[in-house]
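This is a predicted model, so every value here is computed, not measured. Counting convention: from 1, in listed order, for ligands and their atoms alike. Starting from 1, each residue takes its place in the sequence as its number.
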Amino acid sequence: MSIAISSRRPRETFVLVATLVFNFLFLSLSSDPDPLQDFCIGDTSVAFSVNGFPCKASSDVTADDFFYDGLSREISTNNSFGSGVIMGNVLAFPGLNTLGISMNRVEIAPGGINPPHLHPRATESGIVVNGTVLVGLITTGNVFYSKNLTAGEMFVVPRGLVHFQFNIGTEKALIFTAFNSHLPGNVLVAVNLFGSNPAVPDDVLSKAFLVDRSVVDEIKSKFGG
Ligand code: GLV
Ligand code: MN
């Protein structure tokens with residue numbers, strides 16, 4: 001950028017520099033922070049955490065701390081969504097602690113859906129291993145992007161955007177997803193609004209969705225709200 005900063009007035013220069021500094025900070029904070037050591041196997045038994053878990057003593061670390069077989073197991077899709085997710089995040093696999101990555105295994109029965117949700121702390125990428133899946137995401141500008149994917153095809157969901165996977169095939173779909181956070185967070189939109197504890201008042205949801213309270217009550221009854 002060959003902007004002649006010196007020829008601008010001080011106020012303009014300040015705004016330009018402040019914008020550049022802000023952009024730099026934003027970029028460098030857009031995923032988990034970099035680790036300051038080779039590894040920090042999370043000690044999940046302690047009752048406190050500071051942006052991650054304290055490290056297990058190196059003398060107690062074994063080979064097993066670097067491996068996790070949780071994503072090798074088949075998941076039941078026998079529920080109202082017809083889908084199941086095994087989360088391979090730092091809570092399940094403490095070896096990920098501070099490393100800024102994690103993975104999930106997602107299975108979806110024919111006609112089932114991994115319902116609209118978002119990850120507040122991570123961008124997601126995924127690969128379809130089996131089946132035919134409609135993958136969709138919605139931007140903050142309410143633009144809907146989607147595509148039908150089959151085995152070997154990848155997708156990406158930018159951090160914080162609402163997205164879903166819908167099995168449009170005839171066989172069970174298997175997807176592996178990866179995140180740039182050891183704990184991406186998972187906000188299931190419908191459950192978040194209609195199944196929270198304590199419940200969001202009916203009047204709020206009725207006004208927000210422009211429907212009668214009876215409709216709100218019906219939806220709430222399906223999500224335990
Ligand atoms: C899929 O969207 C996942 O969060 O694993
Ligand atoms: Mn997701």
Students should be able to answer this: which protein heavy-atom is nearest to atom 4 (O) of ligand 1, and at what distance?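 Among all protein heavy atoms, the one nearest atom 4 (O) of ligand 1 is His119 NE2, 2.9 Å.
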Name the closest protein heavy atom to atom 5 (O) of ligand 1, giving the residue it belongs to and the distance to 0.1 Å.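 Protein heavy atom with the smallest distance to atom 5 (O) of ligand 1: Thr177 OG1, 2.8 Å.
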Calculate the angle formed at the Mn ion (ligand 2) by NE2 in His163 and NE2 in His117; 10° precision is enough.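 The two atoms subtend 80° at the Mn ion (ligand 2).
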At a 4.0 Å cut-off, with the gap strictly under it, does some heavy atom of His117 reach an atom of ligand 1?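 Within the 4.0 Å threshold, so yes.
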Numbering as shown, the atoms of ligand 1 that approach [X] to under 4.0 Å (heavy-atom distance):
X: His163; answer: 2 (O)
X: Val106; answer: 5 (O)
X: Glu124; answer: 1 (C), 2 (O), 3 (C), 4 (O)
X: Phe179; answer: 3 (C), 4 (O), 5 (O)
X: Gln165; answer: 1 (C), 2 (O)
X: Asn104; answer: 3 (C), 4 (O), 5 (O)

In Å, rounded to the nearest 0.5 Å, how long is the span from CG of Asn130 to CD of Glu107?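 Answer rounded to 0.5 Å: 9.0 Å.
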Calculate, to the nearest 0.5 Å, the distance between atoms CG and CG belonging to Asn89 and Leu183 respectively.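 These two atoms lie 5.0 Å from each other.
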Looking at Ser181 and Ile101, would you say the former's side chain and the latter's main chain have a donor-acceptor pair under 3.5 Å?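 No.
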Under 3.5 Å, is there a donor-acceptor pair between the side chain of Asn167 and the main chain of Glu171?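 A pair under 3.5 Å: yes.
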With a sphere of 6.0 Å drawn around [atom1] of [X], does it hold more than 12 non-hydrogen atoms of other residues, nucleotides or ligands?
X: Asp60; atom1: CG; answer: yes
X: Phe66; atom1: CZ; answer: yes
X: Asn79; atom1: CG; answer: yes

Just heavy atoms, cut-off under 4.0 Å: does Asn114 contact ligand 1 by side chain, backbone, both, or neither?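 Looking at Asn114 and ligand 1, just side chain atoms fall under 4.0 Å.
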Which N/O/S atom belongs to Glu124 and is the closest one to the Mn ion (ligand 2)?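 In Glu124, the N, O or S atom with the shortest distance to the Mn ion (ligand 2) is OE1.
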Is the shortest distance from a Lys or Arg side-chain nitrogen in Lys172 or Glu74 to a carboxylate oxygen in the other one below 4.0 Å?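 So Lys172 pairs with Glu74 through a salt bridge.
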